[in-house]
Structure formats: structure tokens, C-alpha cells
Trainee: 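Take a look at this one; I'll ask things after.
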Amino acid sequence: MKYPAIQNYINGRFVPATTSETLNVISPLDGSFLSTVPLSNSNDLDNAVQAAQAAFPGWSKTPIKERVQVFFRYKTLLEKHLKELAELCSEENGKTYGESVAEIEKCIELTEFATSLPQLITGELLEVSKGVECRTEHVPLGVVASIVPFNFPSMVPNWTIPNAIALGNCMIIKPSEKVPLSCGRIAELLKEAGLPDGVFNVVHGGVDIVNAICDHPNIEAVSFVGSTKVAKIVYQRATQNLKRCLALGGAKNHLMVLPDAIPDMTAQNVAASMSGCAGQRCMAASAMVGVGNVDHIIAKICDEARKIVPGQNLGAVIDAASQQRIERYITQAEKDGAKILVDGRNTKVPGKENGTYVGPTVIDYVTPEMSVAREEIFGPVISIMRTNTVDEALAIENKNPYGNAASVFTQNGGMARYIIDKVSAGMIGVNVGVPVPREPFSFGGWNESKFGVGDITGKSSIEFWTKLKKSTVKWNAEAGVNWMS
């Protein structure tokens with residue numbers, strides 16, 4: 001075991017869980033045994049909530065200009081420890097070191113945005129009548145919780161941590177039990193940055209802790225990122241318990257490629273979108289719809305895919321179960337009549353034979369009813385469908401139940417605008433394979449990719465992590481009693 005047994009982080013220190021049940025943490029890169037993670041119970045969550053409740057009065061009353069000083073220092077620490085954090089991310093998640101560096105750089109950007117929050121929540125003040133003022137101000141909610149997935153061990157936690165805490169809340173985070181190491185290091189860096197004890201807590205575990213978070217009477221809001229199946233359950237359970245909830249689910253992102261698309265640029269973007277982070281991201285290109293004759297572009301996509309080498313510029317998928325599931329999708333597509341142009345099955349990386357790798361896979365002549373066209377595969381696989389018209393392509397995209405992202409590759413501005421207007425997705429790209437908006441714009445999709453109102457990132461996250469207080473004040477006694485009284 002490379003690292004000590006993982007513990008929960010409560011009230012500023014690492015503490016053992018009250019249960020002895022654990023899971024092994026295995027690196028997807030080479031199958032090495034990293035650590036053990038506790039499967040905590042509701043008692044552990046209660047302890048974390050109590051610590052957060054005790055910290056909330058002092059933290060929430062600290063002026064926001066002072067609160068964000070913690071995140072100026074935290075940003076500096078992220079920069080200082082970037083290499084270490086990236087190596088840890090790669091080790092527990094399986095993505096390449098370069099991808100892990102980019103993930104930590106995104107954490108730095110997210111933290112940088114949080115330091116600007118004092119300028120964004122100044123509220124409003126208006127003299128609505130002689131001597132009468134109305135004012136709004138943003139007030140923190142209290143204790144909030146964030147449930148995060150395995151695919152971005154640092155970035156997704158940092159979608160919520162800087163904004164929610166800088167806005168005055170105290171937080172409990174539940175990492176994926178598959179990648180529990182990064183959140184512990186984040187806790188250490190936040191403490192080093194000066195965050196008071198109890199403001200940030202980490203409780204490890206599985207489904208029991210997720211349920212306990214949704215049920216806990218003293219948790220005011222819950223954010224979730226993961227599969228659509230679980231997002232629905234979390235949203236329903238949390239809101240049934242009268243909590244504010246925003247749950248981000250899965251995706252089946254479609255890239256529409258038109259004949260006038262620039263071949264080299266399109267091929268490079270499509271291949272990178274389908275294979276980045278081993279396809280384990282809700283912004284990955286999972287389906288491509290070729291409109292008209294795009295054979296020349298598909299040939300170049302295959303050429304680009306063959307340049308992607310597992311263990312070099314392609315990371316591992318999270319575990320053996322995921323590897324087997326992805327390969328079953330490819331095999332089923334072949335049985336259904338699709339043509340495998342680039343086959344990533346049965347991939348072994350020399351020297352890392354126990355790693356869990358799937359090579360880049362390009363599947364052509366897919367039809368919309370095939371499972372590879374309908375379901376989220378979460379691997380480096382792209383399914384190509386063909387249509388004669390843009391409207392037929394749009395019909396395929398809009399029929400899928402998800403709505404995270406969609407992209408179009410074309411040099412026709414009018415056609416790009418037409419597709420932007422018609423497509424049913426929350427994030428749209430034009431000649432961009434992964435249309436993730438940068439701060440201060442928020443991340444989030446539509447349809448079955450998102451449950452709840454608002455955003456957990458970007459400027460609009462202010463509305464999710466705070467509540468508005470409105471006050472009306474009258475000082476002019478000479479005005480007497482009027483309709484405003």
C-alpha cells in the first residue's frame with residue numbers, strides 16, 4: 001500500500017471513520033494498490049455536520065473581502081504544488097500527466113474566479129421614495145454538501161469548494177470512493193491557506209453516505225455530479241427533504257460534421273474530444289453525425305485516432321469493470337452491423353499489463369437505435385451516423401434524452417447559427433469539440449443532463465449558494481403614514 005489508510009477530514013483534522021469497513025483504492029495506470037478508503041456511516045456525517053454548524057456563525061459573519069483572502073492563498077498553493085497534485089490525480093484516476101496538469105490549472109482558474117466574488121455580490125440599493133430605501137444582499141445558506149465523481153478528482157470538487165465557501169457557507173464533500181486521495185490533499189491546502197477548522201470537511205463512503213446527505217436535516221443544499229441515473233435519485237431524495245439541490249448527470253454529446261468543415265482541424269478536434277481523459281467526461285464526443293459526403297473527414301479522424309497511443313497520450317479507464325463494459329459496447333455494435341474502423345479492444349500497455357486501458361475506437365455506419373448511439377459509453381469511443389441533411393442530423397441529436405453539449409463543424413456562419421438555435425443542449429460548440437465555457441460562464445446542460453435550477457459554477461452559482469435578503473428602511477418621520485406603510 002503506497003499511501004496510509006485514508007481517513008475522514010472533520011473539524012480541521014484527519015480522523016478515522018466509526019466503521020471498520022473499507023475498500024481498496026487501485027491505480028488504473030498499472031493496477032497498483034494505493035490505499036484503503038473507509039465506508040463511513042451516518043455517525044461520521046453527523047460529526048462533520050456538527051463541526052460545520054459550529055464553524056458557520058463565525059465564518060458567515062466574516063466579511064467576504066476577508067473570506068476570499070483564504071482563496072488568494074489557496075490559489076498560490078495550487079500553483080506551488082501543481083506537479084504533486086497532477087501526479088496524484090493521474091495516479092488515482094488514470095488520466096495522463098498532461099491531462100492532470102490541465103485539471104489542476106482549471107482548479108486555479110476556478111479559485112481565481114472565487115476571489116472576484118466581492119465585486120459580484122454587492123447587492124442593490126435604491127431610494128424608492130423620499131427617505132425610503134430598498135436593499136438586497138446575498139446571505140449564505142449554512143451547511144452545504146457536494147457529492148463528486150471519479151473522473152475529475154480535483155476539478156469537480158473545485159467547481160463547488162471556492163464559490164460555496166467564499167460566499168460564507170460551510171461544506172461537506174463526499175468524494176468518489178474510487179479517487180479519494182485528491183480531496184484529502186485539498187483539505188490540507190485549504191487549512192494551510194488559513195481556512196478555519198470546520199468550514200470544510202471530507203466524509204468518505206458509498207451510497208449510504210449519499211443517502212445520509214440527502215436526508216440530513218441540517219444540510220441546506222446538495223450539489224451532485226455523476227450519472228443521470230444517480231442524479232435523478234439524489235435530486236428527488238434531496239428535494240423531497242426540502243433541500244435545495246442541483247444534480248448534473250450524464251451525456252451523449254453529438255458532433256455534427258458538415259462537408260465544408262476544415263478536414264484537418266475537424267479531425268484533430270473530434271479525435272481529441274472522443275479520447276481526452278479516456279472519454280471519461282460528460283463533455284466527450286460520443287456520437288458524430290456526418291451530413292452528406294464527409295468520407296474524407298472520417299478518414300482523417302481515423303488517422304488522428306491511430307496517433308493516440310494508450311499509456312502515452314491516452315490514459316486508462318477507471319477500472320476493469322469499466323474496461324469490460326466499454327468493450328462490450330464495441331462488440332455489440334459490430335454484431336449489430338456497424339463497421340469498426342479503429343478498434344481499441346484488448347489493449348495492453350507494455351510494463352503496465354495490470355492497467356485498465358481501452359484504445360481509441362471509431363465505429364462507422366451506426367444507426368440511431370444501436371446502443372452505442374443511444375447510451376453513455378464513458379470511454380474513448382465515437383459512433384458515426386450518417387444523414388443527408390442538417391435537419392435529419394438535428395432530429396437525431398434532439399431525440400437523445402441528454403442535453404449536455406453539442407457541436408457543429410462548418411465554415412458556414414448562417415448554418416452554425418441555425419444549428420445553435422435548433423439544438424437541444426445547454427453548451428454548444430462551433431468548430432470546438434469540447435465546448436466547456438470558461439469562467440465566469442457556468443457549466444451545465446439541459447434535459448436529462450441536469451436536474452434543478454441554476455448553476456454550481458460561474459457567476460450564476462451565486463444564486464444557488466446564497467439566498468437573498470431584502471430590506472426596506474424609512475427614516476423620514478415627516479412623511480407620515482402612506483400606502484407604503
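Starting from 1, each residue takes its place in the sequence as its number. Because the structure is predicted, anything quoted here is derived from the model rather than measured.
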Trainee: Check whether more than 12 heavy atoms from other residues, nucleotides or ligands sit under 6.0 Å from atom OH of Y97, and answer yes or no.
Mentor: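 Atom OH in Y97 is crowded, with more than 12 foreign heavy atoms closer than 6.0 Å.
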Trainee: Any Lys/Arg nitrogen of K191 or D197 sitting under 4.0 Å from an Asp/Glu carboxylate oxygen of the other?
Mentor: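 Yes.
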Trainee: Between the main-chain N or O of G454 and the side-chain N or O of S460, is there a donor-acceptor pair closer than 3.5 Å?
Mentor: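 Judged by distance alone, no pair lies under 3.5 Å.
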Trainee: Is Q323 reaching over with its side chain to a backbone N or O of Y357, donor-acceptor style, under 3.5 angstrom?
Mentor: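 A pair under 3.5 Å: yes.
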Trainee: Less than 3.5 Å apart, any donor N or O on the side chain of T457 or D455 sitting next to an acceptor on the other?
Mentor: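 No - no donor-acceptor pair under 3.5 Å links their side chains.
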Trainee: When you compare the side chain of E92 with that of S182, does any pair of heavy atoms fall below 4.5 Å?
Mentor: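 Result yes, sub-4.5 Å side-chain heavy-atom pair found.
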Trainee: Salt bridge or not between R73 and E192? Use side-chain N to carboxylate O under 4.0 Å.
Mentor: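 Between E192 and R73 there is no salt bridge, as every charged N stays at least 4.0 Å from the carboxylate O atoms.
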Trainee: Rounded at 0.5 Å granularity, tell me how far OG in S100 sits from CG in L88.
Mentor: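 CG of L88 is found 9.0 Å from OG of S100.
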Trainee: Between the side chain of N11 and the main-chain N/O of A51, is any donor-acceptor distance below 3.5 Å?
Mentor: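 Not a single qualifying donor-acceptor pair exists.
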Trainee: Assess whether atom CD of Q240 is packed by more than 12 heavy atoms of other residues, nucleotides or ligands within 6.0 Å.
Mentor: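 Atom CD in Q240 is not packed in, count stays at 12 or less.
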Trainee: Here's a test for you: under side-chain hydrogen bond (donor to acceptor under 3.5 Å, both in side chains), which of T18, T19, D208 qualifies with N41?
Mentor: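 Exactly one pass, corresponding to T18.
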Trainee: Considering all heavy atoms of both residues, which atom of T160 and which atom of S146 are nearest to each other, and what is their separation?
Mentor: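 Looks like OG1-OG, 3.0 Å.
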Trainee: Are the side chain of S90 and the backbone N or O of K95 linked by a donor-acceptor pair below 3.5 Å?
Mentor: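 A pair under 3.5 Å: yes.
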Trainee: Should the pair R438-E109 be classified as a salt bridge under the 4.0 Å nitrogen-to-oxygen rule?
Mentor: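 Looking at E109 together with R438, the answer is yes, because their closest N to O distance falls below 4.0 Å.
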Trainee: Indicate the atoms forming the closest heavy-atom contact of L314 with S275, along with that distance.
Mentor: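 Heavy atoms only, the tightest pair is CD1-O, 3.3 Å.
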Trainee: Specify the closest pair of heavy atoms between G344 and T361, including all atoms of both residues, with the distance to one decimal.
Mentor: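 Scanning both residues, the minimum pair turns out to be N-OG1, 3.0 Å.
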Trainee: Using 4.0 Å as the upper bound for N to carboxylate O, is an ion pair formed by R185 and E84?
Mentor: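 Yes, charged N to carboxylate O under 4.0 Å.
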Trainee: Quick one: does any side-chain atom of Q69 pair with a main-chain N or O of K65 as donor and acceptor, under 3.5 Å?
Mentor: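 Yes; at least one donor-acceptor contact below 3.5 Å.
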Trainee: Carefully, step by step, assess E79 and Y74 under the rule side-chain hydrogen bond (donor to acceptor under 3.5 Å, both in side chains).
Mentor: CA-CA 9 Å; E79 294 166 339; Y74 176 61; over 6 Å; no
Trainee: Going by atom types only, do H216 and D46 share a side-chain donor-acceptor pair under 3.5 Å?
Mentor: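 Note: H216 and D46 side chains meet the donor-acceptor criterion.
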Trainee: Would a distance-only check, ignoring hydrogens and angles, find a side-chain to backbone donor-acceptor pair under 3.5 Å from N400 to E397?
Mentor: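 Here the side-chain-to-backbone pair exists.
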Trainee: Is the NZ or CZ atom of K252 positioned over Y402's six-membered ring, under 6.0 angstrom from the centre and within 45° of the axis?
Mentor: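 K252 over Y402 ring: no.
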Trainee: Any salt bridge linking R325 with D319? Criterion: basic side-chain nitrogen under 4.0 Å from a carboxylate oxygen.
Mentor: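 Looking at D319 together with R325, the answer is no, because their closest N to O distance does not fall below 4.0 Å.
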Trainee: In terms of side-chain geometry, is the basic nitrogen of R345 or E334 positioned less than 4.0 Å from the acidic oxygen of its partner?
Mentor: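 So R345 pairs with E334 through a salt bridge.
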Trainee: Between T331 and E327 (side chain of the first, backbone of the second, donor and acceptor by atom type, cut-off under 3.5 Å), is there such a pair?
Mentor: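 Indeed, once roles are kept as given, a pair shorter than 3.5 Å links the two residues.
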Trainee: Got a donor-acceptor contact below 3.5 angstrom from the S407 side chain to the L255 backbone?
Mentor: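 Not confirmed, S407 side chain does not pair with L255 backbone.
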Trainee: Does N253 reach the main-chain N or O of S286 with its side chain, forming a donor-acceptor pair under 3.5 Å?
Mentor: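 Checking the backbone N and O of S286 against the side chain of N253, no donor-acceptor pair under 3.5 Å is found.
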Trainee: Over 60° means perpendicular and under 30° means parallel, so tell me whether Y9 and F200 are parallel, tilted or perpendicular.
Mentor: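 Plane angle between 30° and 60°, so tilted.
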Trainee: Please find the pair of heavy atoms, one from P437 and one from S442, that lie closest to each other, and give the distance.
Mentor: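 That closest heavy-atom pairing would be CG-O, 3.0 Å.
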Trainee: Quick one about N24 and T36 (side-chain donor to acceptor, distance below 3.5 Å, no hydrogens or angles considered), yes or no?
Mentor: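 No donor-acceptor contact under 3.5 Å links the two side chains.
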Trainee: What closest approach, in Å, do V358 and P380 show between heavy atoms, and which atom pair accounts for it?
Mentor: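 Smallest heavy-atom distance, with atoms named: O-CG, 3.3 Å.
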Trainee: Main chain of E369, side chain of R374: is a donor-acceptor contact present, judged purely on distance under 3.5 Å?
Mentor: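 Looks like yes, one N/O pair under 3.5 Å.
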Trainee: Can you see which heavy atom on W465 is nearest to which on N169, and at what distance?
Mentor: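 Answer, listing the atom of W465 first, then N169: O-ND2, 2.9 Å.
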